[in-house]
Amino acid sequence: MIIQLKSDANSQQIEAINQALADRSYKANPVSTQHRNYLVAIGKSEIDIRSIGVLEGIADIHRVSDQYKLVSKKWKLKDTVIDLGDGVNIGSGDFAVMAGPCSIEGEEQVESTVEHLASNGVRIMRGGVYKPRSSPYSFRGLGQEGLKMFHRLCSAKSIKIITEVMQVSQIKEMFDFVDIFQVGARNSQNFNLLDALGEVDKPVLLKRGISGTVDELLFAAEYIFSNGNEKIMLCERGIRSYEKAYRNTLDLNAIPILKERTHLPVIVDPSHGIGLRKYVEPMALAGIMAGADGIIVEVHEQPEKAFSDGQQTLNYKEAEILYRKMKDCFRLRESW
Ligand code: PEP
Ligand code: MN
């Protein structure tokens with residue numbers, strides 16, 4: 001059960017609600033977000049929610065049968081829209097494009113990518129400065145200095161930044177230089193990181209774990225929301241299966257299922273999803289048709305020279321074709 005409290009609900013009223021819930025064997029978890037105050041009540045007994053709903057201090061009350069509550073679609077009338085400022089929104093009925101290299105490599109590379117994105121109307125650039133790598137000997141990113149450079153060059157062209165945060169201690173120093181914090185697949189269930197990102201007022205793109213289920217992804221998002229941050233996007237980036245013909249198995253099934261279960265925007269990542277440049281385009285288009293609200297895709301001027309993930313990265317020409325086709329595809333979907 002989700003109880004939305006009135007903004008002027010006083011402590012006696014809240015106490016009375018808590019008592020009424022306790023009397024019915026429900027545990028009330030107080031949640032305060034950027035937008036409002038809630039009580040998320042967990043309990044097993046069947047109760048008539050009207051008996052709670054009549055109490056003072058309550059703006060709205062909803063029964064949510066899912067085990068995750070705040071991220072469930074069952075209580076929120078409207079889907080979540082992430083507003084990044086300067087007219088850049090995700091989940092608002094426009095298809096969001098986040099594109100850029102796997103890793104931020106240097107000033108020239110960022111300048112060139114910013115130019116490419118700006119001339120194609122792409123408003124959000126991706127690029128890792130802290131890179132989770134399977135081998136400790138691989139390129140692990142330019143770190144905070146790289147992020148500052150990335151931010152300086154992007155803000156000059158009003159391009160927004162999405163980049164991965166790997167640990168709690170990085171959040172504070174990164175905060176002023178990012179527009180979206182990305183939680184990578186390997187950190188999808190790093191509950192300390194999720195808790196900490198719940199406390200910041202900045203959007204989070206949460207990737208599905210390498211072998212994470214849809215429920216686990218939703219529960220991970222619930223960690224962030226229940227700690228106070230409502231600005232969450234979920235990302236399908238492929239899961240590990242027995243199949244070896246491609247890097248990961250992009251689970252397109254997850255997209256309509258997530259759209260049905262949550263009010264949060266759903267983003268598709270075909271680059272990591274299939275891991276093969278040649279097939280990024282069809283999988284991106286399939287992701288749109290499956291219902292995604294946006295895409296995150298790897299693009300580099302010279303993918304063969306990229307410091308990481310070159311094999312799944314589009315060059316500018318390929319990316320331009322994809323941007324065009326995605327527009328058509330999205331228009332077609334919306335016209336149905
Ligand atoms: C990335 O976006 O470059 C990345 C490392 O993604 P994932 O966490 O999905 O592997
Ligand atoms: Mn990558």
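Remember, predicted model here, so these are calculated numbers, not experimental data. Note: hydrogens, waters and symmetry copies are ignored here, and every other heavy atom, side chains too, is used.
Residues passing the side-chain contact (heavy atoms from CB on, under 4.5 Å) test with Glu260: none are found, sequence neighbours excluded. Annotation: salt bridge (Lys or Arg N to Asp or Glu O under 4.0 Å) contacts of Glu216 (sequence neighbours excluded): none. Listed by chain and residue number, Asp79 satisfy the salt bridge (Lys or Arg N to Asp or Glu O under 4.0 Å) test with Lys73 (two or more places apart in sequence, or in another chain). Residues passing the salt bridge (Lys or Arg N to Asp or Glu O under 4.0 Å) test with Asp66 are Lys74, sequence neighbours excluded. Tyr130 pairs by the ring pair (Phe, Tyr, Trp, His ring centres under 6.0 Å) definition with nothing, not counting sequence neighbours.
Looking at His263 and Thr80, their side chains do bring a donor and an acceptor atom within 3.5 Å of each other. Inspection of the Thr249 and Glu243 side chains reveals no N or O donor paired with an N or O acceptor under 3.5 Å.
Under the 4.5 Å side-chain heavy-atom criterion for ILVMFWY residues, no single connected hydrophobic cluster contains both Ile159 and Leu84. The hydrophobic cluster containing Phe219 does not contain Leu205, counting ILVMFWY residues as joined when their side-chain heavy atoms lie under 4.5 angstrom apart, directly or transitively. A single hydrophobic cluster is not seen to contain both Val81 and Ile90; linkage of ILVMFWY side chains at heavy-atom distances under 4.5 Å, directly or through other members, places them apart. Criterion: ILVMFWY side-chain heavy atoms under 4.5 Å apart, direct or through other members. Under it, Ile255 and Leu217 are part of a common hydrophobic cluster.
Side chains of Pro203 and Met233 form a contact here, defined as non-hydrogen atoms less than 4.5 Å apart. The shortest distance between side-chain heavy atoms of His35 and Glu230 falls below 4.5 Å. Residues Cys235 and Arg208 have side chains not in contact (no heavy-atom distance under 4.5 Å, counting atoms from C-beta outward). Residues Ile296 and Ile162 meet the side-chain proximity criterion, which asks for heavy atoms closer than 4.5 Å. Between Leu197 and Ile171, some side-chain heavy-atom pair lies under the 4.5 Å cut-off. You'll find the side chain of Lys207 stays beyond 4.5 Å of the side chain of Leu234, heavy atoms only. A heavy-atom distance below 4.5 Å is found between the side chains of Met326 and Val97. A 4.5 Å side-chain heavy-atom check between Ser138 and Phe307 finds every atom pair outside the cut-off.
Using a 4.0 Å cut-off between charged side-chain N and carboxylate O, Glu115 and Lys157 make a salt bridge. Between Glu298 and Arg126 there is a salt bridge, with a side-chain nitrogen of the basic residue lying less than 4.0 Å from a carboxylate oxygen of the acidic one. Ion pairing between a basic and an acidic side chain is recognised when a charged N comes within 4.0 Å of a carboxylate O; Glu107 and Arg152 show such pairing. Between Arg261 and Asp215 there is a salt bridge, since at least one side-chain N of the basic residue sits less than 4.0 Å from a carboxylate O of the acidic one. In summary, Glu320 and Lys317 do not engage in a salt bridge, as defined by a charged side-chain N under 4.0 Å from a carboxylate O. Using a cut-off of 4.0 Å between Lys/Arg side-chain N and Asp/Glu carboxylate O, Asp328 and Lys325 are scored as not salt-bridged. Between Lys6 and Asp8, none of the side-chain N atoms (NZ, or NE/NH1/NH2) sits under 4.0 Å from a carboxylate O, so this pair counts as no salt bridge.
Around atom CD of Glu46, no more than 12 heavy atoms belonging to other residues, nucleotides or ligands sit under 6.0 Å away. Counted within 6.0 Å of OH on Tyr279, heavy atoms from surrounding residues, nucleotides or ligands total 12 or fewer; the atom is thus considered open. Atom CZ of Arg240 is surrounded by 12 or fewer heavy atoms from other residues, nucleotides or ligands within 6.0 Å. The local environment of CD in Gln67 is sparse, with at most 12 non-hydrogen atoms from other residues, nucleotides or ligands closer than 6.0 Å. For CD of Glu108, the number of neighbouring non-hydrogen atoms (other residues, nucleotides, ligands) closer than 6.0 Å is 12 at most. Residue Arg140 places its CZ atom among 12 or fewer non-hydrogen atoms of other residues, nucleotides or ligands, all under 6.0 Å distant. When the shell of 6.0 Å around NZ of Lys76 is examined, it contains more than 12 heavy atoms from other residues, nucleotides or ligands. No more than 12 heavy atoms of other residues, nucleotides or ligands shown are found within 6.0 angstrom of CD on Glu56.
When each of Gln34, Glu199, Lys202 is tested with Asn229 by the rule side chain to side chain donor-acceptor pair (under 3.5 Å), just one qualifies, namely Gln34. Applying side-chain contact (heavy atoms from CB on, under 4.5 Å) to Met98 and the options Asp269, Ile161, Ile295, Ile267 leaves one that passes, Ile267.
Pairs of residues two or more places apart, or lying in two chains, that qualify as ring pair (Phe, Tyr, Trp, His ring centres under 6.0 Å) and include a residue from residues 175-215 are His151-Phe177, Phe191-Tyr223.
In terms of heavy atoms, Thr163 sits closest to Gly128 at OG1-CA, 3.7 Å. The two atoms that bring Ile2 and Lys69 nearest to each other are CD1-O, 3.4 Å, heavy atoms only. Counting all heavy atoms, side chain and backbone alike, Pro132 lies closest to Arg186 at CB-CD, 4.0 Å.
The distance from the CG atom of Leu39 to the CG atom of Leu5 is 4.5 Å, given to the nearest 0.5 Å. Ile124 CD1 to Ile180 CD1: the interatomic distance, rounded to the nearest 0.5 Å, is 4.5 Å.
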Working for ring pair (Phe, Tyr, Trp, His ring centres under 6.0 Å), residues His116 and Tyr323
CA-CA 12 Å; His116 157 82; Tyr323 303 146; 5.5 Å; yes
